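One structure is given here, and the rest of the page talks about it.
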2 protein chains.
Amino acid sequence: MKDIAEHLGLSQTTVSHVLTGKHRKFRISPATVERVWRLAEKLGYRANVMARAFRERRSYAVCLAVEDLQNPFWAGIAIGAEREAEEHGYALVVTDLGGSAERLRRALQLVRDQRVDGLIVSPVRGSDAELAAAHRHGLPLVQVDRAVARLPVACVRTDHEAGSVLAVRHLLTRGRRDVVYVGGPLDIPNYRQRLAGFRKELRRHRLQPAAELILDDPSPAEAERAVARVLRDVQRPLALFAANYALTVGTLRAIRAASRAVPDDVELVGFDDIQMADLLLYPVTTVDQDVSSIGREAVRLLLDAIRTGRRSAQHVLLPPRLIPR
Amino acid sequence: MKDIAEHLGLSQTTVSHVLTGKHRKFRISPATVERVWRLAEKLGYRANVMARAFRERRSYAVCLAVEDLQNPFWAGIAIGAEREAEEHGYALVVTDLGGSAERLRRALQLVRDQRVDGLIVSPVRGSDAELAAAHRHGLPLVQVDRAVARLPVACVRTDHEAGSVLAVRHLLTRGRRDVVYVGGPLDIPNYRQRLAGFRKELRRHRLQPAAELILDDPSPAEAERAVARVLRDVQRPLALFAANYALTVGTLRAIRAASRAVPDDVELVGFDDIQMADLLLYPVTTVDQDVSSIGREAVRLLLDAIRTGRRSAQHVLLPPRLIPR
DNA sequence: ATGAAAGCGCTAACAA
DNA sequence: TTGTTAGCGCTTTCAT
């Protein structure tokens, strides 16, 4: 900027005004604007991001803290978020929480250190208080996939309830009447909503669930044990609805261990899509989430919050999609 | 720092010396050091990362540019890299290249804009010249998984050749004698090395390959077509070795389409591990890479290059591991 | 419509 | 062993 100013016999201030697009506000003459632009172009001027960040106290970076990057669901969100951030000139710092509140604390540290201007996060267990505190301190925050209860912070996620409805409707269409729900603990809103959709759609058809497996620990191992028990006790044909990826895996293992025939004897729908599903032992219909859009929309909301200073508590629900198999 | 200095009747410089750990170098008295530390602690002093970055012309962030974040291989590398970076006080900016040289150019822009101090990258096709140029300009660079030929830049990857040897040896142990190689184009060193290991181990046993499928486009679809042809032409029992994840998927599809019996009739080993492999239609033995270590080691090398200014061209080869199934 | 000047928080060359 | 001073590149307030 100094160079350009000297070459043009202008002040650095004026150059700054032009180069940051504030020439309207400062009523810089079109001729000057043009001259500055030309020379900047010719000299290959690039703003020093660090200097600007330092001065403005903004880093032009945001952080995405996901639960588990190895899960294609989260990886997809990261990809969408990165694309969107890049298009707005923001860098995306990705953090893998691995379910640990301690690692979330570190992510919040990033913000306090001004390394990032805002945070997109999927609340892990035991992080509610911290997130609430961060929000009170004015940190621009957007939640994805999950939302902390009674926290007025924006959230972008799939319409879980609608997903369950899709799943159940699919099973009913195939003539199933005995449907089992396999889900996680109800203190997690996600699972509450998925269960609600499940119940709602069954009730609409005046049916009772064959069973509702509410697992404290929504891991493949737990799902396998619980489903195995049901398959042992109930010998008539069954339909199963597993409320997420891990539970679907466990359910599949239980089905295999019980040597039940799919889809004639038991049939399965799982939340979250599965890569190479066609190569699986059994056909699994899935409720696919639009992961990329979740990421993009979260970034959009966050940047909006950063720029306007407004703290929207809007919840954006994206529709799921059934992939029958 | 100013506050601390005033409270203690010291100069800001001295405080800086202490707080940045340079008190030995400047022979600050232990008493002073102690006083500064105490007060900093009490005041909850945290260095302004932006100010430091601005002044030192370093961002204390590095960028990891991966081929495809949805692939568990790359996601695993990202996780390892992030952990290691964090432990050194560095932030990790993750970029998904999606195989596009254009997006790599953007990543290089990040460096030129000083938003990151260095780059870990898996070279995509058509990016060789750009990476070479970046390296000439002195950009701290580390390659992962792949290396640009004749570019004196460090690289961290699995010992592909050793992986192939493991795979072939496994198949031979199972009594197979007719082994087919399914791999990608030989202008990519990865595939050259995997093929080399394959040939080497066969030769050691004085065997000829049953076939070598060298695909220009290493996609599942191409692999499926090529393998289908072989399965049609060769009716005797076969062993297949697929040189990466995508090729393994295609090969599996071909096997299914041909209705060959696994493992009695045909048997498969694939490079790169597969999640939920136990739930696949067929058992697939895999050559697993230590992805997390690749990420960690890459960051270590990069930070070393950044700190020392040395540009090592060291290639770190990590041993693969066979997961028999 | 343009410019002067101050200052963001920190580091480092140099002085004492 | 500690302090003085300058300056990194930019934005912004206030003059003109």
Side-chain angles (χ1 to χ4, degrees), chain A residues 1-40 43-61 89 110-115 117 306-307 309, chain B residues 1-40 43-61 89 111-117 306-307 309:
Chain A
M1 281 190 179
K2 205 170 123 204
D3 284 359
I4 296 179
E6 277 170 9
H7 275 156
L8 258 33
L10 289 168
S11 76
Q12 200 228 46
T13 309
T14 305
V15 175
S16 169
H17 287 338
V18 173
L19 258 21
T20 48
K22 303 207 182 80
H23 44 277
R24 289 237 72 94
K25 193 168 134 204
F26 288 95
R27 302 144 160 264
I28 310 287
S29 76
T32 306
V33 172
E34 194 56 30
R35 287 198 304 154
V36 171
W37 277 350
R38 283 230 189 295
L39 189 56
L43 262 41
Y45 169 82
R46 302 227 89 216
N48 180 324
V49 185
M50 282 324 216
R52 180 175 290 173
F54 169 50
R55 170 64 227 237
E56 290 183 57
R57 312 179 115 72
R58 301 143 126 269
S59 60
Y60 292 96
L110 280 180
V111 197
R112 230 158 293 136
D113 285 349
Q114 316 218 40
R115 297 186 69 131
D117 300 333
I306 290 172
R307 289 201 264 245
Chain B
M1 283 190 178
K2 206 171 123 203
D3 283 0
I4 296 179
E6 277 170 9
H7 275 159
L8 258 36
L10 289 168
S11 77
Q12 201 227 49
T13 308
T14 304
V15 175
S16 169
H17 288 338
V18 174
L19 258 20
T20 48
K22 305 210 181 76
H23 45 275
R24 290 237 71 95
K25 195 167 131 204
F26 288 94
R27 304 144 158 264
I28 311 286
S29 75
T32 306
V33 171
E34 194 56 30
R35 287 197 306 154
V36 171
W37 276 350
R38 282 229 189 296
L39 190 56
L43 263 41
Y45 169 82
R46 303 228 88 215
N48 179 324
V49 184
M50 284 321 216
R52 180 175 291 171
F54 169 50
R55 171 63 228 235
E56 290 184 58
R57 315 178 112 70
R58 300 144 126 270
S59 61
Y60 292 96
V111 198
R112 230 158 291 136
D113 286 349
Q114 316 219 41
R115 297 186 69 133
V116 298
D117 300 333
I306 289 172
R307 290 201 264 245

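Here is the naming used below: chain letters follow the sequence lines, and residue numbers restart at 1 for every chain. None of these values were measured; they are calculated from a predicted model.
- In this structure, of D/dT2, C/dC10, D/dC10, it is C/dC10 that holds the atom nearest to the side chain of B/Met1.
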Step-by-step side chain to side chain contact (heavy atoms under 4.5 Å, CB included) determination, B/Phe54 to A/Arg55: CA-CA 9 Å; B/Phe54 169 50; A/Arg55 170 64 227 237; over 6 Å; no

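- Across all strands shown, B/Ala47 has heavy atoms under 4.0 Å from sugar-phosphate atoms exclusively, and none from any base.
- In this entry the distance linking NE2 of A/His23 with P of C/dG3 reads 16 Å, nearest Å.
- Atom CZ of A/Arg24 is separated from atom C1' of C/dA1 by 13 Å (rounded to the nearest Å).
- Rounded to a whole Å, the CG atom of A/Asn48 is 18 Å from the P atom of D/dG7.
- Residue B/Thr13 has its side chain nearest to C/dA13 when only C/dT2, C/dG9, C/dA13 are considered.
- In terms of position on DNA chain D, the residue among A/Arg46 and B/Leu10 whose nearest nucleotide sits closer to the 5' end is B/Leu10.
- The side chain of A/Tyr45 places no N or O atom within less than 4.0 Å of a non-bridging phosphate oxygen (OP1 or OP2) of D/dG9.
- Here B/Phe54 counts as stacked on D/dC8: its ring centre is under 5.5 angstrom from the base ring centre and the planes meet at under 30°.
- If you measure from atom CE of B/Met50 to atom C1' of D/dC8, you get 15 Å, rounded to the nearest angstrom.
- Considering only the side chain of B/Phe26, D/dT2 comes nearest among D/dT2, D/dT11, D/dT13.
- Scanning atom types as modelled, no donor and acceptor separated by under 3.5 angstrom connect the side chain of A/Thr14 and the base of C/dA1.
- Using a 4.0 Å heavy-atom distance criterion, B/Ser29 is classed as a sugar-phosphate-only contact.
- Note on A/Lys25: nothing from the nucleic acid sits closer than 4.0 angstrom, heavy atoms only.
- For the pair B/Glu6 CD and C/dG9 C1', the computed distance is 14 Å after rounding to whole Å.
- Residue A/Leu8 contributes atom CG, which lies 13 Å from atom C1' of C/dT2 at whole-angstrom precision.
- Regarding B/Arg57, its CZ atom lies at a distance of 10 Å from the C1' atom of D/dG7, rounded to whole Å.
- Closest approach of B/Ser59 to B/Val116, counting heavy atoms only: OG-CA, 3.2 Å.
- Residue A/His17 is the one, among A/His17 and B/Gln12, whose nearest nucleotide of DNA chain C lies closer to the 5' end (criterion: closest heavy atom).
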Derivation and outcome, side chain to side chain contact (heavy atoms under 4.5 Å, CB included), residues B/Thr14 and B/Val36: CA-CA 9 Å; B/Thr14 304; B/Val36 171; 5.6 Å; no

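- Distance CD1 (A/Ile28) to C1' (D/dT12): 13 Å, rounded to an integer number of Å.
- Between the base of C/dA12 and the side chain of B/Ser16 there is no donor-acceptor pair shorter than 3.5 Å.
- Each of B/Pro30 and B/Ala51 has a nearest nucleotide on DNA chain D; the 5'-most of these lies closest to B/Pro30.
- For the residue pair A/Arg57 and A/Gln114, the shortest heavy atom distance occurs at O-OE1, 3.6 Å.
- Residue side chain A/Thr32 does not reach the base of C/dA1 through any donor-acceptor N/O pair under 3.5 Å, judged by distance alone.
- Among the atoms of the strands shown, only primed sugar atoms or phosphate atoms (P, OP1, OP2) are found under 4.0 Å from some heavy atom of A/Lys22.
- Nearest approach of A/Leu43 to A/Ile4, heavy atoms of both residues: CD2-CG1, 4.0 Å.
- Atom CZ of A/Arg307 and atom CG of A/Asp117 lie 10.5 Å apart (nearest 0.5 Å).
- Within 3.5 Å, a donor on the side chain of B/Arg55 pairs with an acceptor on the base of C/dT11, or the reverse.
- Among the protein residues, A/Arg52 comes within range of the sugar-phosphate backbone only, with heavy atoms under 4.0 Å from sugar or phosphate atoms but none that close to a base.
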